[in-house]
Amino acid sequence: AQTVTQSQPEMSVQEAETVTLSCTYDTSESDYYLFWYKQPPSRQMILVIRQEAYKQQNATENRFSVNFQKAAKSFSLKISDSQLGDAAMYFCALFTSGTYKYIFGTGTRLKVLA
Amino acid sequence: ETGVTQTPRHLVMGMTNKKSLKCEQHLGHNAMYWYKQSAKKPLELMFVYNFKEQTENNSVPSRFSPECPNSSHLFLHLHTLQPEDSALYLCASSQNDRGRTEAFFGQGTRLTVV
């Protein structure tokens, strides 16, 4: 069975500072992908960043980067230079090619303090 | 705008009503999903359609009935729902080819069962 665990229900960060959101996962599949999604109050789930399991290099997208530790099955998201617009729920998700399913964690609510 | 459109945005229905949720994607994707999002719970995968064929029915009660007439449209037919079915229902689509697996989400339908 595939599982995704986010152990931080809520995090706070000062504007312009850096914050790291944690995610661990479990799967027996070798071909899988990991994602971070953002869900602002408007409810639209927006892709923040993706990581292919077969790639060793950590993905980056502007202020967003991941620390992918495959052996530890860890996939954390780092947000640099936090902005007020970053405040949202963040979900970690796992997709396995064998199941064609996206499994989500319980989410981390990020608050950005002015 | 993600290219996935859900209607209606809000729905209030009685327990004896029959209603349908609609999802449409303009991305040429080959897979579509229904998720249920309740407060303080992970996103629950309900149904998966790959190439219009249902490949997953995640122990969903029969009062929820999906329909996928073509690869661009997905419906969720609702009848005799219970108050605990009140939730945000999210539709997503993806192109499940290697290298392009991120899911795109609609804005959801906020369902209230009274």
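In the text below, chain A, chain B and the rest are named by the order of the sequence lines, each starting its count at 1.
- Within residues 6-16 of chain B, the residues approaching chain A closer than 4.5 Å by heavy atoms are, in numerical order, R9(B), H10(B).
- If you take CZ on F105(B) and CG on L47(A), they are separated by 9.5 Å, rounding to the nearest 0.5 Å.
- M32(B) and M45(A) are assigned to two separate hydrophobic clusters, defined by single-linkage of ILVMFWY side chains at heavy-atom distances under 4.5 Å.
- Both the backbone and the side chain of A103(B) come within contact range of chain A, each with at least one heavy atom under 4.5 Å from a heavy atom of that chain.
- Using a 4.5 Å heavy-atom threshold, the side chains of Q37(B) and F91(A) count as touching.
- Neither the backbone nor the side chain of Q6(A) comes within contact range of chain B; no heavy atom of the residue lies under 4.5 Å from a heavy atom of that chain.
- By the neighbour-count criterion of 12 heavy atoms within 6.0 Å, atom CD of Q57(A) is sparsely surrounded, having that number or fewer from other residues, nucleotides or ligands.
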Let's go through Q39(A) and L90(B) carefully: what are the C-alpha distance in whole Å and the side-chain angles of both, what is the deciding distance for side chain to side chain contact (heavy atoms under 4.5 Å, CB included) to 0.1 Å, and is it a yes or a no? CA-CA 12 Å; Q39(A) 187 179 39; L90(B) 293 169; 4.2 Å; yes
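- Hydrophobic clustering places I103(A) together with L21(A) (ILVMFWY residues linked when any side-chain heavy atoms are closer than 4.5 Å, directly or through intermediates).
- Within a 6.0 Å sphere centred on NZ of K70(A), heavy atoms belonging to other residues, nucleotides or ligands number more than 12.
- Under a cut-off of 6.0 angstrom, the local environment of CD in E84(B) is crowded, with over 12 non-hydrogen atoms contributed by other residues, nucleotides or ligands.
- Grouping the Ile, Leu, Val, Met, Phe, Trp and Tyr side chains by contacts below 4.5 angstrom, directly or via other members, places V113(B) with Y89(B).
- Scanning both residues, E102(B) and Y102(A), for their nearest heavy atoms gives C-OH, 3.6 Å.
- Within 6.0 Å of the NZ atom in K19(B), the count of heavy atoms belonging to other residues, nucleotides or ligands does not exceed 12.
- Within a 6.0 Å radius of CG in N62(A), other residues, nucleotides and ligands contribute 12 heavy atoms or fewer.
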| K101(A) vs Y33(B), side chain to side chain contact (heavy atoms under 4.5 Å, CB included): CA-CA, chis, key distance, verdict | CA-CA 9 Å; K101(A) 292 195 293 189; Y33(B) 307 79; 5.6 Å; no
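- Residues F64(B) and L74(B) are members of one and the same hydrophobic cluster, defined by side-chain heavy-atom contacts under 4.5 angstrom among Ile, Leu, Val, Met, Phe, Trp and Tyr.
- Around CZ of R63(A), the count of heavy atoms belonging to other residues, nucleotides or ligands within 6.0 Å exceeds 12.
- Of all non-hydrogen atoms in R43(A) and Q107(B), the two that sit nearest each other are NE-O, 3.2 Å.
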